[in-house]
Amino acid sequence: MSNNAFQISVMPGDGIGIEVMEAATAVLQAVEKRHNLGFRLINTPGGAHHYKDTGTPMPESSFETAEKADAILFGAMGWPDIRFADGTEIAPQLDLRFRLELFAGVRPIRAIPGVPLALASPHASEIDFVILRESTEGLFASRGKGTVENDQTARETMVITRDTTERLSHFAFRLAERRAERRGRKGLVTIVDKSNVFRAFAFMRKVFFEVARAYPQVEARHNSIDAMALDLIRKPWDFDVLPMENMFGDILSDLGAGLVGGMGFAPSADVGAKHAMFQPSHGSAPDIAGRGIANPTAMILSMAMMLDWLGEQHGSASCIEAAAEISTAIDAAFGSGAVRSCDVGGQDGTGAITRAVIERLGKTGH
Ligand code: ATP
């Protein structure tokens, strides 16, 4: 083991969260050996079944472990039949986002070679953009605080702050700079809002363009949420980094996943100033849990995002290389036609895809 030793809080959670986490940790252990890295994986309980067994969605000790760890690897939590008394689902991941101030929800949407795409255009294979979902305020600031008056009027209040909008905007421009370097083209950041109707969004857009001045080498644009929904179907290949309010990001990231094969191909990261959590965009999928057919790609790519983030945070080139190697291995596994996952009409289950990715680590070409 080298001195690149990282402590990872591992939260498999419920349903296919547990299955895809096994896949991701197998790939992590494979790259750990190849790049002489060191990871200490600490299994951290939590989730709907944990709530059913203990009466607590996530023990305080899990929050403490997550807080102390270098990064959090998260599967999926929640189960339709297990709910709080008020009918809401068990979702400790939302508490983690708020408690650890993970304001930047990074959701890359990229066409993986060999994976069937929703759009027939020849440009569809060029889809490569990132939805940057603000994750601590917006409409979700009202979570648990909504009111219903006399069974007649329900209210939820949206919150947009200068501080978080500035942080999100800086994050977006820096991400665009990094992507521009890797892709050899100018970065483009498009703020997505509804500023023609709501003051909160006009304010958000104003703050975004103030921050944009510090990044003259990146192009800054804006788009309305409704126009964006249309454009993501008409020409998604034209976009790069898309920062937006929490609820808008929640919705458009599922649309984005639908463009590139579905939830099984959509990784994500929730990043704050000090902490970061990496999880697939999908949930626990009770309909397919326990059958070994979950697509582990989103979880494996989320783990690769963790390696990339750790590499950036700690100046570890080996971590960054390992992350790129995983992404290349996934492209090679699907691109060669060696595997096709069940969610896109194939026959290959979690184990077969995981093995195909591990076999291709460090090998170039298909
Ligand atoms: P949540 O409501 O928390 O988002 P969910 O599991 O109900 O969780 P999604 O995660 O959005 O909903 O998934 C919807 C459906 O997509 C699942 O029920 C499942 O059929 C399919 N699905 C999601 N993730 C995967 C995956 N990794 N592999 C295969 N199918 C998946």
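Each ligand, and each atom within it, is numbered from 1 in the order the structure gives. Residue numbers count from 1 along this sequence.
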Q: Return yes when at least one protein heavy atom is under 4.0 Å from atom 23 (C) of ligand 1, and no when none is.
A: yes
Q) Would you say Ile233 and Leu255 make side-chain contact, with heavy atoms under 4.5 Å? A) yes
Q | atom 27 (N) of ligand 1 touched by protein heavy atom at under 4.0 Å | A | yes
Q: Considering only non-hydrogen protein atoms, determine which one is nearest to atom 25 (C) of ligand 1 and report residue, atom name and distance to 0.1 Å.
A: Ile16 CD1, 3.8 Å
(Q) At under 4.0 Å between heavy atoms, is it the side chain or the backbone of Ile288 that contacts ligand 1, or both, or neither? (A) side chain
Q.
Test of understanding: given a 4.0 Å heavy-atom threshold, classify the contact between Val20 and ligand 1 as side chain, backbone, both, or neither.
A. neither
Q: Compute the shortest N/O to N/O distance between His282 and ligand 1 and return yes if it is under 3.5 Å, no if not.
A: yes
(Q) Under a 4.0 angstrom heavy-atom cut-off, which atoms of ligand 1 come close to Ala294? (A) 28 (N)
Q) If we ignore angles and hydrogens, is there a donor and acceptor under 3.5 Å between the side chains of Thr164 and Glu137? A) yes
Q) At a 4.0 Å threshold, what atoms of ligand 1 neighbour a non-hydrogen atom of Gly264? A) 26 (C), 27 (N)
Q.
Under 4.0 Å, heavy-atom basis, I'd like to know which part of Ala298 is in contact with ligand 1: side chain, backbone, both or neither.
A. neither
Q | Test: Asp348 and Arg355 ion pair at under 4.0 Å | A | no
Q) Should Ala285 be counted as touching ligand 1, given the test is an N or O pair under 3.5 Å? A) yes
Q: With Val241 as reference, evaluate Val106, Leu175, Ile191 under the side chain to side chain contact (heavy atoms under 4.5 Å, CB included) test and give the passing residue.
A: Leu175
Q) Tell me: protein heavy atom nearest atom 2 (O) of ligand 1, and distance? A) Glu89 OE2, 4.9 Å
**Q.** Geometric cation-pi criterion Arg97 and Phe140, 6.0 Å radius, 45° cone
**A.** no
Q) What protein heavy atom sits nearest atom 18 (O) of ligand 1, and how far off is it? A) Asp287 OD1, 2.7 Å
(Q) Any carboxylate oxygen within less than 4.0 angstrom of a Lys/Arg side-chain nitrogen, looking at Glu64 and Lys68? (A) no
Q) Between Glu149 and Arg155, does at least one N-O distance fall below 4.0 Å, as a salt bridge requires? A) yes
Q) Per the side chain to side chain contact (heavy atoms under 4.5 Å, CB included) rule, which among Leu301, Asn295, Ile330 passes with Phe265? A) Asn295
Q | Nitrogen or oxygen of Asn295 less than 3.5 angstrom from that of ligand 1 | A | yes
Q.
Any heavy atom of Gly78 closer to ligand 1 than 4.0 angstrom?
A. no
Q) Taking atom 9 (P) of ligand 1 as the point of reference, which of Ala289, Gly283, Gly17 owns the nearest heavy atom? A) Gly283
Q: Provide, to 0.1 Å, the distance between atom 7 (O) of ligand 1 and the closest protein heavy atom, together with that atom's residue and name.
A: Pro286 CD, 4.5 Å
Q) Is the shortest side-chain N to carboxylate O distance from Asp240 to Arg185 below 4.0 Å? A) no
Q) Which atoms of ligand 1 have any heavy atom of Asp343 under 4.0 Å away? A) 28 (N), 29 (C), 30 (N)
Q: Just need the protein heavy atom nearest to atom 14 (C) of ligand 1, so name the residue and atom and give the distance.
A: Met263 CG, 4.9 Å
**Q.** Lys186 atom NZ, over 12 foreign heavy atoms within 6.0 Å
**A.** yes
Q) If you measure from the Lys or Arg side-chain nitrogens to the Asp or Glu carboxylate oxygens, is any gap between Asp128 and Arg179 under 4.0 Å? A) yes
